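To start, the structure under review is shown below, and the notes come after it.
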Amino acid sequence: MWTGIVIAVLVLLALAVIFGGLLGFAAERFRVEGNPLVDQIDSLLPQTQCGQCGFPGCRPYAESIANGGAINKCPPGGEATIKALADLLDVEPQPLDAEHGVEQAKRVAIIREDECIGCTKCIQACPVDAILGAAKHMHTVIESECTGCDLCVEPCPVDCIDMVTVEPDIRTWTWTPPASGVIATDRQGVSA
Amino acid sequence: MTQLWDFAGGIHPAENKHQSTALPIRAAGIPDRLVLPLQQHIGEPAAAIVSVGDRVLKGEKIADVTNGMGVPVHAPTSGVIESIAELPVPHPSGMNDWCITLKPDGEDQWTARQPVSDYRSLERNQVLELIRDGGISGMGGAGFPTNIKLRPPRDRKVDTLILNGAECEPYITADDMTMREQADEIVAGLKVMAWILRPERCVIAIEDNKPEAVEAMRAATKGTQIELAAIPTKYPSGGEKQLIQILTGMEVPSGGIPADIGVMCQNIGTAVAVSRLIFEGRPLISRIVTITGEAVQEPGNFEALIGTPVQYLLDQAGLQPEKVNRLVLGGPMMGYTLTTTAVPVIKTSNCVIAATAAELPTPPPEQPCIRCGECAEVCPMELLPQQLFWYSKAAEFEKAEHLNLFDCIECGACSYVCPSSIPLVQYYRYAKGEIRVQRAEQLKADRARERFEARQERLEREQQEKEQRRKERAKAAAEAQAKKKAEAEKAATEGDAVDERSAKAALVQQALARKKAKTEVAKPQAPAAEPAQEKPDLEALEKQLAQAQSKLETMQGMLEDAKAQQADNVEKLERAVAKNHDRVTRAEEALADARQQLASQPESQSTE
Amino acid sequence: MAFAQQSSPHAHHARPTSRVMLWVIIAALPGLFAQTVFFGWGNLINVVWCVALAMACEAAILKLRNKPIGFFLKDNTAAVTGLLLGLSLPQFAPWWVSGIAVVSAIVVAKQLYGGLGSNPFNPAMVGYALVLISFPVAMTTNWAEPALLWKGAPGFSETLSTIASAKQTAVDGWTMATPLDEYKHKIANRTAAEVLQHPTFGNGIARGWEWVNAGFLAGGLLLVLLRIITWHIPVGFLAGLAAMSLAFGSNADQYAPLSMHLLAGGTMLGAFFIATDPVSAATSHQGKLIYGAGIGVLIYLIRTWGSYPDAVAFSVLLMNFAVPFIDHYTPPRTYGHHKARRGVPSRKQG
Amino acid sequence: MTTKTSSEIIRDGLWNNNPALVQVLGLCPLLAVTSTVVNAIGLGLATLMVLMGSNLAVSLIRNFVGESVRLPAFVMIIASFVTCAELLMQAFTYELYQILGIFIPLIVTNCAILGRADAFASKTTPGPALLDGAMMGLGFLAVLVVLGGMRELIGQGTLFVDMNLLLGPMAADWVIRPFESYPDVLFMVLPPGAFVGLGLLIALKNGIDNHLEKRRKATEPAPAASGSKRVRVTGNVS
Amino acid sequence: MAALAQSIRRSAVGLGLFAMITGGTIAVTQALTEKRIQEQAARAEAKALLEIIPESAHDNNLLRDTVQLPASDRLATDGPLTAWVARQDGRPTGMILPIVAPDGYSGKIHLLVGVDLNGTVLGVRVISHKETPGLGDRIETKKSDWIRSFEGRSLGQPPHREWNVRKNGGEFDQFTGATITPRAVVKAVQKSLIYFRKNRQVIRERLNEAPSPRPKAITPETIAGEATRSEHS
Amino acid sequence: MTEYLLILVSTILVNNFVLVQFLGLCPFMGVSGKLETAMGMSLATTFVLTLSSVCSYLAYTYLLAPLDLAFLKTITFILVIAVVVQFTEMVVRKTSPLLYRVLGIFLPLITTNCAVLGVALLNLNKNNNFVESVLYGFGAAAGFSMVLVLFAAMRERIAVADVPVAFQGAAIGMVTAGLMSLAFLGFTGLVSV
Ligand SMILES: Cc1cc2nc3c(=O)[nH]c(=O)nc-3n(C[C@H](O)[C@H](O)[C@H](O)COP(=O)(O)O)c2cc1C
Ligand SMILES: Cc1cc2nc3c(=O)[nH]c(=O)nc-3n(C[C@H](O)[C@H](O)[C@H](O)COP(=O)(O)O)c2cc1C
Ligand SMILES: Cc1cc2nc3c(=O)[nH]c(=O)nc-3n(C[C@H](O)[C@H](O)[C@H](O)COP(=O)(O)O)c2cc1C
Ligand SMILES: Cc1cc2nc3c(=O)[nH]c(=O)nc-3n(C[C@H](O)[C@H](O)[C@H](O)CO)c2cc1C
Ligand code: SF4
Ligand code: SF4
Ligand code: SF4
Ligand code: SF4
Ligand code: FES
């Protein structure tokens with residue numbers, strides 16, 4: 001009986017040592033750094049750099065997602081971004097986490113120039129350098145570059161920055177899908 | 001006989017054309033007001049070059065496009081500019097856009113005209129310039145600026161010039177009547193375009209349900225090299241791509257333009273406009289519009305000035321307002337509904353249908369798609385409309401795009417036959433719109449990332465430089481020297497900033513101008529009112545207070561600095577300091593309130 | 001003035017779904033008539049019972065799902081599902097067997113997927129296959145003898161009471177193995193001539209069944225003429241079956257001959273009415289040909305080497321399963337493209 | 001990793017994160033052996049035991065395994081438990097073992113087990129790990145039994161047939177036959193019935209959850225916190 | 001390089017440690033249960049045989065007491081037949097033949113036929129088959145008692161003509177909806193009896209050879225398994 | 001030759017691993033949301049399944065059987081599989097990032113795929129020789145891949161259908177797999193093995 005046990009243990013031990021060695025070898029020999037997934041995730045985030053997700057910027061959030069973090073923390077991206085992420089990672093989309101804010105219409109910052117005192121605080125705050133101006137001069141927002149992150153609003157000592165919702169005009173207007181009419185889908189009223 | 005090919009799919013809707021061909025083209029006359037949208041074609045909107053109160057003459061340029069793709073707008077008659085404002089324009093959105101309103105003075109006085117009797121003596125470029133200055137954009141479809149279209153890419157040679165007189169949509173007879181009555185002008189215009197392009201072949205294509213037009217054109221083209229093709233009646237044979245396939249058997253490559261395969265397609269009306277411009281010096285200030293539908297008593301075609309309100313034309317055709325259920329601009333297959341009759345006729349408006357409820361009934365409610373494939377059978381682009389629909393509806397835009405959503409010409413044949421009465425085209429339009437928005441957002445996100453990364457890099461660099469300097473300073477023997485250097489560097493960076501600023505000055509200026517109007521309307525965001533019943537968030541309030549205090553300090557510091565330097569923004573800064581004082585007091589009060597409230601609340605409630 | 005707002009096109013000229021389905025029902029009548037003439041009242045009773053139950057079932061589920069009942073019932077699709085089940089079940093199948101088939105068809109195969117237009121599997125065939133594997137006794141012993149009426153055997157009320165009883169099998173003497181079943185199992189140790197002695201074959205290929213198949217063929221051609229179905233699926237189906245039969249089964253002493261394959265069993269019903277169910281079939285012309293041919297080939301495989309004497313239901317379900325995949329790889333070539341865009345869109349790369 | 005309370009672990013295992021209904025793992029044995037209740041119980045108990053054992057063991061050794069051999073090590077632990085269970089079943093319930101066939105050794109690859117070892121046990125102390133194993137195992141067992149009961153009842157019109165295989169001769173006549181002359185519904189006995197049956201169970205759970213959710217939403221207002229977790233990208237500026 | 005060696009060593013030692021513990025556990029459990037498992041296995045494997053010839057009717061170890069019988073194409077088995085022998089006090093009392101019914105509805109049906117030395121059927125059991133559930137599977141004892149209807153039959157009883165299903169004028173019941181399966185089984189049992197009669201001489205001789213227990217048990221499963229394997233070679 | 005063909009037909013159609021034998025269901029349900037992903041998974045599984053079939057055959061025939069250690073088969077097989085998988089993953093990740101993108105992320109999942117261990121054990125049960133083992137492993141993988149890919153395409157379609165709320169996701173996936181399995185019952189008896 002005991003010989004049987006000893007043989008069994010020895011065989012398994014031999015196998016394990018060989019395989020363990022093999023894996024140890026591979027772990028060292030084939031070590032890789034970096035994660036290409038982060039880039040892919042980052043490219044799906046809206047790059048508002050607003051930090052609402054709880055990370056200092058979109059890329060750190062992308063890294064967190066790549067490491068298995070929740071995908072529903074980015075309010076500017078909203079449902080569309082969540083869906084895209086879910087698609088990429090092949091997981092179920094979840095509703096936006098309200099703790100981080102709600103999805104809003106697109107906005108841009110506008111500086112009321114006659115009140116601006118040129119303190120440059122907003123320039124320091126803007127993550128995408130969308131504000132122009134020099135010390136003690138009137139500042140203005142380059143509308144096309146502003147991501148609407150509203151990071152510049154709070155630092156302004158004279159509260160001269162407004163976030164304005166971008167209204168659709170005849171050139172940005174697009175068709176809406178037909179109203180669902182008689183056939184309401186079963187998806188409505190989901191706990192989404 | 002010209003060899004003809006067939007195109008895939010297609011339908012045969014009821015034609016309803018005879019109603020509006022009974023009478024010859026009538027002149028609509030001059031209405032009380034002319035409303036001239038600054039954008040009447042794809043491309044850039046024009047900018048007004050007149051001001052309110054100016055008197056303009058007929059044919060005078062009143063708006064122009066300086067850069068980008070576009071053509072000018074001319075005054076259709078003489079009169080006074082009454083306003084430049086946002087008014088309803090013909091657009092599926094039913095939204096307003098910038099328009100110049102002209103109050104005619106009734107004199108219809110021409111500005112100086114420069115007809116070219118012998119255009120052949122000019123450079124081709126000069127003629128193309130004339131066409132641009134004449135405000136001519138395509139009159140058969142999307143309204144592409146004709147001069148640009150007539151300038152095919154350098155490596156392309158146009159072998160076949162097609163004049164599109166198919167007019168395959170039901171109801172519309174504007175081109176039909178034009179061909180019947182203005183055949184010579186059409187030929188003259190075609191000759192001008194042919195001279196510009198030097199094609200080997202010129203074809204005028206007319207659906208064989210317009211024998212009178214075919215006859216008239218045959219007479220007018222007698223003795224010329226121009227071919228006349230009577231093509232089988234089948235919607236949408238007038239679609240540019242289908243017409244090219246019918247006449248040449250070739251297909252326009254997806255995403256390309258006809259010139260890629262050496263073909264160009266122009267509308268009949270466009271040819272007339274070119275002819276009138278060249279030989280009469282008359283820019284595009286009027287067009288033929290079909291007014292039809294069972295809600296008008298005297299349907300027919302009108303020569304209407306651009307800017308004529310639709311109401312005016314409907315009245316002339318004897319509108320019975322109580323009968324109208326739906327008002328369609330364009331044909332029943334591709335036109336869009338109007339919300340108001342105040343919109344003007346523009347360069348691309350070919351037809352107005354005042355339809356009764358019986359004539360164009362509301363379709364029954366949408367049913368589920370049964371994948372019967374009828375739509376695929378009729379699609380002239382050989383798409384799979386049911387799949388496009390399925391993916392568009394489910395917002396799987398990537399897949400819809402993969403199935404060539406963007407090749408759909410929105411002809412509506414699929415919706416026409418769908419047994420489940422699904423508004424397919426609307427789904428496609430929605431999907432296309434969403435995809436375009438997404439693309440724009442992606443672009444914007446990419447740019448934001450670049451800018452963010454650039455900024456991070458710059459900050460990093462500055463940080464390093466600072467570090468460097470600090471070290472150097474510590475190391476350096478001569479303190480004064482180091483200081484100087486630092487100053488020099490600082491100046492340099494400032495110089496940079498100024499440079500950047502001047503480079504972008506134009507941009508800023510533009511942004512400012514655009515913003516100004518909007519800012520006035522936009523109300524400053526009201527701070528979210530704290531619901532009284534909620535438990536006050538002490539922490540947040542404390543943070544607020546601290547922030548306010550620190551801001552106040554900064555401001556006071558700045559103010560003192562400014563005072564010391566006698567800067568010119570002292571006044572502003574004083575205001576700011578006052579404001580921040582307020583802020584601090586408010587924050588303090590709020591905090592005190594909150595503390596009080598908390599104290600008065602029983603413990604149990606706050607721990608729940 | 002408020003004008004109606006609508007997206008283009010503003011004109012429509014469509015044959016509504018309800019009418020399409022009505023035509024399908026009409027086109028099935030010749031086959032049903034032939035069934036009644038040759039096999040007695042069983043099919044007719046089955047059809048009535050299945051259609052009624054299908055409609056009731058559909059209504060009940062629509063109610064559960066909070067959908068407008070009238071709106072959906074009027075599209076007649078539940079009736080078609082019921083009809084096709086009634087046509088394909090054995091004549092003397094007890095009421096509860098056909099009932100379970102109908103309920104599983106409507107509830108599991110159709111409404112669980114969202115109802116009309118969403119079901120990936122042919123509902124009627126799901127119902128059929130489900131009862132076939134669940135109740136093999138009831139599904140193999142209840143086939144009426146051909147030319148039953150001439151023998152004066154069961155009248156309407158007798159048939160009705162047989163169906164209405166809870167017993168799994170009908171009275172002996174009214175029923176008989178189907179031609180395909182008979183041929184398949186006798187041919188192993190007999191010659192074709194010997195096997196064909198059995199009365200189920202009559203003097204021709206398959207007594208009664210020939211006319212039933214002819215009836216469905218006629219109805220099917222009507223559907224093609226009316227452009228309710230295109231020719232691709234039936235042609236692919238029949239060609240696939242014929243090709244296999246010619247390639248492998250030319251020896252009638254070993255395998256059933258081609259004529260038997262085409263005119264016995266549910267071949268024509270399958271080719272024109274069942275495989276063509278638009279909802280669960282492939283989309284493009286090329287896809288339809290492949291789909292149809294796949295069904296034909298599978299039918300031959302299973303009929304010849306598998307356990308089941310007829311295999312329309314399984315083959316249709318198997319190819320239904322492949323439809324989304326086929327659709328991915330057989331989109332038509334669009335105007336202005338050199339080649340069709342196959343496959344799946346590759347994910348956007350960052 | 002935030003630590004979970006015991007009640008959370010219990011709720012997760014049995015309902016919220018049930019391995020079969022929510023994680024949809026361990027399907028092969030779940031579907032393969034549930035044609036009768038007795039098979040379901042047999043396999044369920046074996047799985048439960050292995051889960052508890054492996055969770056405990058993994059948690060105990062969690063600090064001693066290197067990254068490169070983590071997976072093989074876990075797998076070996078699980079495999080040894082499974083083999084022991086297999087040997088014991090062979091010794092004491094041989095016929096049941098034969099019916100369950102290769103699905104006993106296949107417990108090794110029951111994703112639910114390795115999943116738990118990797119996701120939970122390797123990150124917590126032995127106590128919670130053991131509890132988690134027990135609850136996950138019970139959750140799995142519960143689904144097995146319900147599915148087995150459903151298939152047995154609909155499929156052959158009986159309940160608790162052959163219980164003697166597991167519990168000895170005294171259980172031989174526990175079998176319940178609710179219907180007289182029931183025609184076997186082979187669909188439920190055969191593979192398709194297993195899939196559809198589990199589908200129905202999952203849907204049932206979803207339905208209950210949705211219902212509860214709706215009720216909960218109706219009674220308590222949504223929390224109004226918004227943007228509370230914001231972080232500044234550009235540092236503190238004021 | 002040092003890192004590599006270090007990594008290899010660490011992994012190998014780590015995994016080896018686990019191997020020892022887990023291997024030890026398994027080996028010990030195995031050692032403890034081995035006996036019982038073998039008993040159980042033997043009993044289970046002999047179960048089918050014991051149903052045909054109950055333990056009260058013999059006193060030898062069936063599984064280890066087999067004889068090789070001459071091949072016969074009649075029985076659709078290829079190669080010589082291995083049969084189990086039942087003895088009471090060392091004298092043969094009966095035997096169990098593994099036979100195949102080749103013409104089942106969906107392929108071969110593997111059977112065990114027990115006969116006593118006079119050629120009377122002691123019992124018949126199905127080892128494996130592929131017949132349709134619900135139709136042909138009623139040849140299993142689990143589903144119906146039909147298969148017991150062979151017990152006590154022999155070649156003259158019923159007479160040769162009536163070794164068939166009722167439908168074909170025979171003595172044995174068929175199932176509703178399935179005649180093929182029962183007919184195949186009836187025919188196969190009949191053939192095995194004919195085989196027994198034809199080879200009675202040889203069989204007697206072989207049976208009477210002194211019992212020589214085989215080192216390894218031969219079970220019905222092994223025979224059926226080998227038969228399936230040889231089908232496609 | 002025919003015998004080998006029959007093994008393939010049997011494993012791919014008649015005794016399909018997923019739909020009839022109930023092996024490899026978790027990856028089948030879990031991964032196959034997208035056609036593209038499913039294809040990657042298929043490739044990876046085919047590779048591993050065939051390889052592990054070979055490795056476990058060798059380990060059993062030349063190590064366990066001679067030493068009479070059959071009771072160690074489960075742990076040995078799974079160890080072999082886990083190591084093969086992990087080693088492959090590491091190598092692929094380093095040497096061919098492209099291939100890794102296609103296969104790599106699925107490889108770790110495969111260790112816990114019953115089909116892999118199932119193939120090894122079934123080969124034993126069936127007494128398959130070396131060639132048969134390889135074919136059996138390959139056939140099982142091919143059958144798995146086929147239904148995985150078809151199922152993925154179908155799920156893409158179902159994902160946008162108007163499925164009742166409670167059934168969305170895994171539930172309707174199960175029902176679909178059930179109906180597929182129902183259809184596969186049609187192959188019963190095609191090969192009598
Ligand atoms: C976005 C867009 C870009 C185009 N670009 C060109 C161009 O570069 N050159 C040209 O000759 N035509 C160009 N065209 C004109 C088309 O070739 C076509 O003649 C015109 O769109 C008329 O089409 P429709 O009236 O059917 O819409 C363009 C059209 C569109 C809509
Ligand atoms: C479905 C469809 C139908 C069309 N029918 C006509 C037509 O009947 N006559 C016409 O001139 N243009 C028609 N067009 C517009 C042409 O495609 C093309 O844009 C036009 O002929 C170009 O000429 P233009 O640039 O002079 O407008 C149609 C377009 C579409 C998409
Ligand atoms: C799907 C199916 C499976 C069948 N399976 C069996 C079977 O396993 N055994 C059998 O004897 N008959 C089976 N049959 C029935 C035979 O094909 C044949 O109809 C029957 O055995 C003839 O019996 P009868 O002579 O009593 O009519 C099956 C029939 C079908 C349609
Ligand atoms: C030509 C045609 C064939 C059809 N065939 C079937 C069929 O075989 N089975 C079925 O349940 N419904 C059939 N239907 C009806 C309908 O499409 C079916 O109920 C849908 O699958 C339900 O979503 C058919 C409809 C048409 C127009
Ligand atoms: S919330 Fe979104 S946009 Fe804002 S930083 Fe995070 S990822 Fe970027
Ligand atoms: S201007 Fe303000 S809102 Fe716009 S991007 Fe910069 S910080 Fe954000
Ligand atoms: S015509 Fe309508 S119902 Fe038919 S396939 Fe096209 S979209 Fe679907
Ligand atoms: S609208 Fe688009 S999809 Fe529909 S028929 Fe026309 S081109 Fe085809
Ligand atoms: S249990 Fe089989 S793959 Fe998960």
Side-chain angles (χ1 to χ4, degrees), chain B residues 8 13-14 170 241 245 251-254 256 321 324-328 330 332-339 341 355 360 362-365 367-374 376-377 380-384 386-387 398-399 401-404 407 410 412 415-421 423 425-426 429, chain C residues 1-21 68 71-72 74-75 77 114-118 227-230 232 277-285 287-288 323 327-328 330-338 340-348 350:
Chain B
K241 294 178 170 167
Q245 196 176 13
E251 293 182 1
V252 182
S254 170
V324 194
N325 172 52
R326 203 185 309 191
L327 199 61
V328 179
M333 298 304 295
M334 297 194 56
Y336 47 86
T337 47
L338 295 179
T339 44
T341 52
L360 296 180
T362 315
Q367 282 172 283
C369 166
I370 54 169
R371 307 171 66 81
C372 64
E374 299 253 8
E377 296 291 318
M381 296 302 285
E382 297 162 79
L383 296 161
L384 286 176
Q386 68 271 55
Q387 296 288 80
E398 236 171 82
K399 290 184 187 140
E401 210 181 330
H402 184 79
L403 285 174
N404 304 321
D407 282 312
E410 301 179 13
S415 307
Y416 181 81
V417 297
C418 174
S420 298
S421 40
V425 179
Q426 191 175 349
R429 288 176 170 152
Chain C
M1 256 188 283
F3 305 116
Q5 291 299 293
Q6 207 86 53
S7 163
S8 69
H10 306 283
H12 296 274
H13 178 78
R15 181 168 45 193
T17 305
S18 55
R19 190 139 18 109
V20 170
M21 296 301 157
F71 178 77
F72 281 105
K74 268 189 285 178
D75 64 27
T77 52
L116 177 61
S118 298
R227 310 223 309 163
I228 285 174
I229 58 176
T230 59
H232 304 83
D277 170 20
V279 177
S280 52
T283 307
S284 66
H285 289 171
K288 282 178 175 167
V323 157
D327 277 352
H328 262 295
T330 56
R333 184 207 64 108
T334 300
Y335 176 107
H337 289 257
H338 280 299
R341 272 204 209 178
R342 286 160 205 281
V344 272
S346 53
R347 193 182 290 139
K348 263 183 289 192

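Reminder, nothing fancy here: chain letters follow the sequence lines and each chain counts from 1. Being a predicted model, the structure only gives us computed values, none of them experimental.
When heavy atoms are compared at a cutoff of 4.5 Å, Met334(B) approaches chain C solely by way of its backbone atoms N, CA, C and O. Neither the backbone nor the side chain of Asp277(C) comes within contact range of chain B; no heavy atoms are under 4.5 Å apart. In this structure, the portion of Glu401(B) lying under 4.5 Å from any heavy atom of chain C is its backbone and not its side chain. Using a 4.5 Å cut-off between heavy atoms, Pro13(B) does not touch chain C at all. In this structure, the portion of Val328(B) lying under 4.5 Å from any heavy atom of chain C is its side chain and not its backbone.
Looking only at side-chain heavy atoms (C-beta outward), Met21(C) and Ile370(B) come within less than 4.5 Å of each other. Two residues are said to be in side-chain contact when any heavy atoms from C-beta on lie closer than 4.5 Å; Thr230(C) and Glu377(B) meet this criterion. When side chains are defined from C-beta on, Glu251(B) does not count as touching His337(C), because their heavy atoms never get closer than 4.5 Å. Put simply, the side chain of Ser7(C) does not reach to within 4.5 Å of the side chain of Tyr336(B), judged on heavy atoms. Counting only heavy atoms from C-beta outward, the side chains of Gln367(B) and Phe71(C) approach each other to under 4.5 Å. No side-chain heavy atom of Pro419(B) sits under 4.5 Å from any side-chain heavy atom of Pro16(C).
The nearest pair of heavy atoms linking Lys241(B) to Tyr335(C) is O-OH, 2.6 Å. Leu384(B) and Pro331(C) make their closest contact through CD1-CA, 4.4 Å (heavy atoms, listed as atom of the first residue, atom of the second, distance). For Ser8(C) against Met333(B), the heavy-atom pair with the smallest separation is CB-O, 3.3 Å. Nearest heavy atoms, Cys418(B) versus Ala14(C): O-CB, 3.2 Å.
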Does Arg227(C) form a salt bridge (charged side-chain N to carboxylate O under 4.0 Å, His left out) with Glu374(B)? I'd like the steps, not just the answer. CA-CA 9 Å; Arg227(C) 310 223 309 163; Glu374(B) 299 253 8; 5.2 Å; no
Run the side-chain contact (heavy atoms from CB on, under 4.5 Å) test on Asp327(C) and Arg371(B) for me, step by step, so that the C-alpha distance in whole Å, both residues' side-chain angles and the decisive distance to 0.1 Å come before the verdict. CA-CA 12 Å; Asp327(C) 277 352; Arg371(B) 307 171 66 81; 3.3 Å; yes
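Counting heavy-atom pairs closer than 4.5 Å to chain C, the top residue among Gln426(B), Gln386(B), Met381(B) is Met381(B).
At least one donor-acceptor pair closer than 3.5 Å links the side chain of His10(C) to the backbone N or O of Gly335(B). No donor-acceptor pair closer than 3.5 Å links the side chain of His12(C) to the backbone N or O of Ser421(B).
The structure places CG of Leu116(C) at 7.0 Å from OG of Ser420(B), a figure rounded to the nearest 0.5 Å.
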